[in-house]
Amino acid sequence: MMETSGLRPVVRVVPGQAASDGAGVQLTRVIGSSALSELDPFLLLDEFGSADPKAYIAGFPDHPHRGFETVTYMLAGRMRHRDNHGNQGDLGPGSVQWMTAGRGIVHSEMPLQEDGLMRGFQLWVNLPARDKMTAPRYQDIPADAIPELARGGARIRVIAGRTTEGTVGPVAGVATEPLYLDVALAPGAEFAEAVPAGHNAFAYVYEGGAAIAGKDVAAHQLAVLGPGTRFAATAAADGARLILVAGRPLGETVARYGPFVMNTRAELEQAFADYQAKKF
Ligand code: FE2
């Protein structure tokens with residue numbers, strides 16, 4: 001029996017929507033779509049996954065960001081990241097790049113492969129007003145620096161935050177104090193984890209299916225979690241893979257257009273002007 005006190009209910013199930021971004025990369029947009037425009041502090045969640053190079057080969061050529069963080073988590077495949085400040089890094093299977101764009105970067109994210117499977121997620125995390133113009137910062141985390149736990153029928157990769165056992169993920173110093181776990185569940189396995197009470201939280205099932213707080217959630221569906229202190233899921237007969245993500249909501253106004261996310265329209269206009277004046 002699972003303990004139910006403090007259990008976060010599923011308040012909404014949101015299906016991912018087929019979309020295209022960059023130079024024509026095919027993806028599933030889960031947050032940042034017409035169905036779910038944001039879940040404070042999360043602005044966007046894309047799942048990309050294809051063994052067909054036509055779906056990913058064009059990549060994401062040079063584009064700007066200001067005012068938030070982009071988090072790329074690779075499940076399979078390789079991408080090369082380059083920015084206009086001279087930073088470059090390769091993202092391989094199981095690695096994470098937590099990029100704080102701050103006052104601005106222009107970068108590209110391009111495939112380092114011509115065929116084979118490319119799979120992963122990009123999450124956008126908002127920055128509080130006081131940090132929007134901070135210096136850009138990268139946390140490039142190789143796969144072997146991400147702790148992996150076995151707990152019953154669950155295998156848990158701890159990207160950010162702290163688990164019940166006290167395992168702490170390598171991502172540090174993020175304003176919204178995120179929890180980001182990648183969880184693989186054997187068929188029928190149960191999994192429970194503490195989620196900070198004041199955080200907004202979601203679970204996105206990307207393979208198989210799971211009953212989350214008793215509600216069936218299928219692959220490529222996101223469960224928005226209600227208030228509480230605990231997350232609980234039971235995998236379906238074919239098992240489940242999901243990400244469990246939580247963050248402290250900012251409660252600030254959002255002025256957003258494409259790759260710029262600020263607090264006011266005037267700041268958005270300034271972002272455009274600065275980008276056009278090559279001040280990023
Ligand atoms: Fe980007």
Side-chain angles (χ1 to χ4, degrees), residues 16-17 19-33 37-39 41-50 55-93 95-113 118-127 131-141 159-160 171 174-176 178 180 204 243 245 247 254-262 267-268 271-272 274-276 278-280:
Q17 297 180 357
S20 165
D21 208 337
V25 176
Q26 303 301 306
L27 45 81
T28 301
R29 182 145 293 164
V30 191
I31 301 175
S33 70
S37 62
E38 66 176 295
L39 182 62
F42 305 110
L43 302 159
L44 177 141
L45 176 67
D46 284 342
E47 176 186 14
F48 50 93
S50 181
Y56 61 74
I57 203 72
F60 302 89
D62 274 349
H63 59 278
H65 293 288
R66 174 180 278 184
F68 61 103
E69 307 184 278
T70 67
V71 181
T72 306
Y73 176 35
M74 299 297 291
L75 294 169
R78 291 183 183 279
M79 301 269 275
R80 173 161 293 168
H81 164 268
R82 267 197 183 116
D83 78 7
N84 63 326
H85 298 270
N87 298 300
Q88 178 178 313
D90 293 350
L91 288 116
S95 72
V96 168
Q97 181 193 66
W98 199 291
M99 181 187 83
T100 307
R103 62 181 172 244
I105 54 105
V106 179
H107 76 163
S108 61
E109 300 149 297
M110 299 300 289
L112 270 179
Q113 63 193 46
M118 173 79 74
R119 191 180 192 202
F121 300 99
Q122 187 165 90
L123 176 71
W124 289 10
V125 185
N126 208 355
L127 284 168
D131 292 339
K132 283 190 178 291
M133 295 297 278
T134 192
R137 174 190 181 208
Y138 290 91
Q139 299 185 63
D140 280 311
I141 297 158
I159 295 164
V171 172
V174 176
T176 46
Y180 193 146
Y204 179 67
I243 53 173
V245 179
V254 174
R256 164 180 196 171
Y257 190 82
F260 309 120
V261 184
M262 305 303 290
E267 290 167 351
L268 261 192
F272 270 103
D274 288 350
Y275 174 56
Q276 275 161 357
K278 300 207 178 335
K279 288 185 181 168
F280 277 29

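The shown structure was predicted, so the numbers you read here are calculated from the model rather than taken from an experiment. First listed ligand is number 1; within each ligand, the first listed atom is number 1. One is the number of the first residue; the rest follow in order along the sequence.
Rounded to 10°, the angle formed at the Fe ion (ligand 1) by NE2 of H63 and NE2 of H107 is 90°.
For R82, the side-chain hydrogen bond (donor to acceptor under 3.5 Å, both in side chains) partners at least two apart in sequence or on another chain are Q88.
Taking the Fe ion (ligand 1) as reference, the nearest N/O/S atom within H65 carries the name NE2. For E109, the N/O/S atom at the shortest distance from the Fe ion (ligand 1) is named OE1.
Using cut-offs of 30° and 60° on the angle between ring planes, the pair F121 and Y204 is perpendicular. The aromatic rings of H107 and H65 sit perpendicular to each other, their planes meeting at more than 60°, with 30° as the lower class boundary.
More than 12 heavy atoms of other residues, nucleotides or ligands shown are found within 6.0 angstrom of CZ on F272.
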